[in-house]
Amino acid sequence: MKTFFRFALVSTLLTIIILSCKQSQAIMSKNGNELWAESCTRCHYAPPSVDFNDHEWDLIGMHMQIKAQLTQVEVEKIIHYLKDTN
Amino acid sequence: MKAITIGLFVVLFGHVCIIYGQEDHLLKSDSINKSEEVQNQIDDLRDHFEEVKHGHSGFLLTGYTNITYRQDLIDGENTKFDYAGFSPVFLWMVSDQLFFESELQIHMKGGVHGGEIEFDSNGQEGDEGTSNFNLGYANMVYMTKWGVIFSAGKFLTPIGIFNERYHPTWINPLPVDPIGIGHGGLLPSSELGIQVRGAMQTGRSKLTYSLFLSNGPILNDGAIHPEQAGRLIYTNFSDNNANKALGGRIGFLPLSNSTLELGVSGLYADKVGDLNSIYEDVNASIYSFDINYYTQIPNTGIFRFSGQFTKLDVGDANYENTLLEVLDGTPLLYNFKNSSTFYYAMSSLRTSASKRKFFKNSELVTRYEKGITPEHSKWHLDEHRILVGYVYWLQVRSAFKVAVAFGEESAIYGQFTIGL
């Protein structure tokens, strides 16, 4: 049984590492607007960009990267979009 | 005559040239003055911008506040504004990589975040009517350029999904937290220690991870509060032994639009009893499974479902009854299987696609929750609750909520919350 669990764990880790090497084109091509709507709504309704200024969005972006566990690319695109439209 | 005419023409032409030249000079000079004026204004604006623009560091004060009303449905004993609180959140960016975040919870003792009963560090119910300060979290963060986040301090326990994501009242769609969750609850809400966390794209799906090392829980051995013997305390501030708790959470978001998240999390502490006591080697473990899903229903709105199942096990130990109980004939020592289970399932529908403002801002919520603590302990609990609620969103982070709770303690709750 232990061998099975070890095998399952190693296989899962290897799969994750291999999959991590190549990000899907569909994901990479998403813009900040799409990511803002998708990521915020995971926990709460997406706040409009005019609620905060550029500087405040930078801080909120870091806070959300920690809390909601967003990737670096997601945060950069979302904050760029919010700063462009506020 | 011809010579006179030519002479007059030359004189006239000369005058015209002189006048034109003077006007041209005046125009040029006027234009230069205007340009200088504009330039000066630009310089002034630039100076002003330099004065007010933010450097790499920055600070933001945000947070949330709420007031909660509760009325018992059966005996009507509790008919009161149960809770009022303000939770400022401080965000401080030192550089692109260094960050500090903290949440203070200032509230009336006797009620907590969602209006549940507040317990102090020994599991005793707090005094009502007094203000209470609580440091929710104070987290120093270092972010690497690869998105791996290292943090140290007091941080929210990443067990299950509710504690980290739904605990602010403007995010939780119901006025109360699920049974067992929340400050003073039977599950941990924060840890004092170090953590590494982050997220990675794995093809079309996404993986999130949190791993922490903390002081961990403390076993209440019943020496001071015998009615709480065997219960875990999560004060975090003073470690009662050299052992540390290890825990974490793995989240998997299989869909490319991140609408579904599945999580597995846990904590293990090899020793939770006081050093050099008979409880020193008692261990504790917590594991949890969670799910969070939302979808946009065409012409209707947003449907959301979330749930969490958490199990808590504490190693075997014998606890002492009180002297009065022993004199009444109860044996001095007693033990029990120290295992607790808490779970909830919540769904909501916001009719945001409606053209009418009232329906657009309305959300219906329902939650089923259950909590079972050890049967032969003095803090035994076997409760379930069904909540049916309505939320009217005034804006994205502010709402009026009303909910009816059916269960062992049926009650009506009302809450007004503002996210700042």
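Below, chain A is the first sequence line, B the second, and so on; all start at residue 1.
Across B:G419, B:S210, B:P173, B:S352, the residue that shares the most heavy-atom pairs under 4.5 angstrom with chain A is B:S210.
Contact annotation for A:D51: only side-chain heavy atoms (C-beta onward) come within less than 4.5 Å of a heavy atom of chain B. In this structure, the portion of B:E261 lying under 4.5 Å from any heavy atom of chain A is its side chain and not its backbone. Heavy-atom distances place no part of A:L35 under 4.5 Å from chain B, backbone and side chain included. Only the side chain of B:E363 comes within less than 4.5 Å of a heavy atom of chain A; its backbone N, CA, C and O stay farther away. For chain A, the nearby part of B:Y209 is the backbone; its heavy atoms alone come within less than 4.5 Å. In this structure, chain A has heavy atoms under 4.5 Å from both the backbone and the side chain of B:L60. Neither the backbone nor the side chain of B:L260 comes within contact range of chain A; no heavy atom of the residue lies under 4.5 Å from a heavy atom of that chain. Heavy atoms of B:W170 lying under 4.5 Å from chain A belong exclusively to its side chain. Only the side chain of B:K206 comes within contact range of chain A, with heavy atoms under 4.5 Å apart. Within the 4.5 angstrom heavy-atom criterion, atoms from both the backbone and the side chain of B:N257 approach chain A. Interface residue A:E74: only side-chain heavy atoms are found under 4.5 Å from chain B.
A salt bridge links A:D58 with A:K83: the distance from a Lys NZ or Arg NE/NH1/NH2 to an Asp or Glu carboxylate oxygen falls below 4.0 Å. A salt bridge links A:K67 with B:E101: the distance from a Lys NZ or Arg NE/NH1/NH2 to an Asp or Glu carboxylate oxygen falls below 4.0 Å.
Contact detail for B:H167 and B:E103: the closest heavy-atom pair is NE2-OE1, 3.2 Å. Residues B:Y137 and B:K154 approach most closely at CB-O, 3.1 Å, considering heavy atoms.
Figure legend: B:R197 and B:F155 shown without cation-pi pairing, the cationic atom not lying both under 6.0 angstrom from the six-membered ring centre and within 45 degrees of its axis.
Note that OH of B:Y344 and OG of B:S306 are 4.0 Å apart. Values are rounded to the nearest 0.5 Å.
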Take B:Y166 and B:Q308 through the test side chain to side chain donor-acceptor pair (under 3.5 Å) and record every step on the way to the result.
-> CA-CA 12 Å; B:Y166 283 103; B:Q308 182 177 315; over 6 Å; no
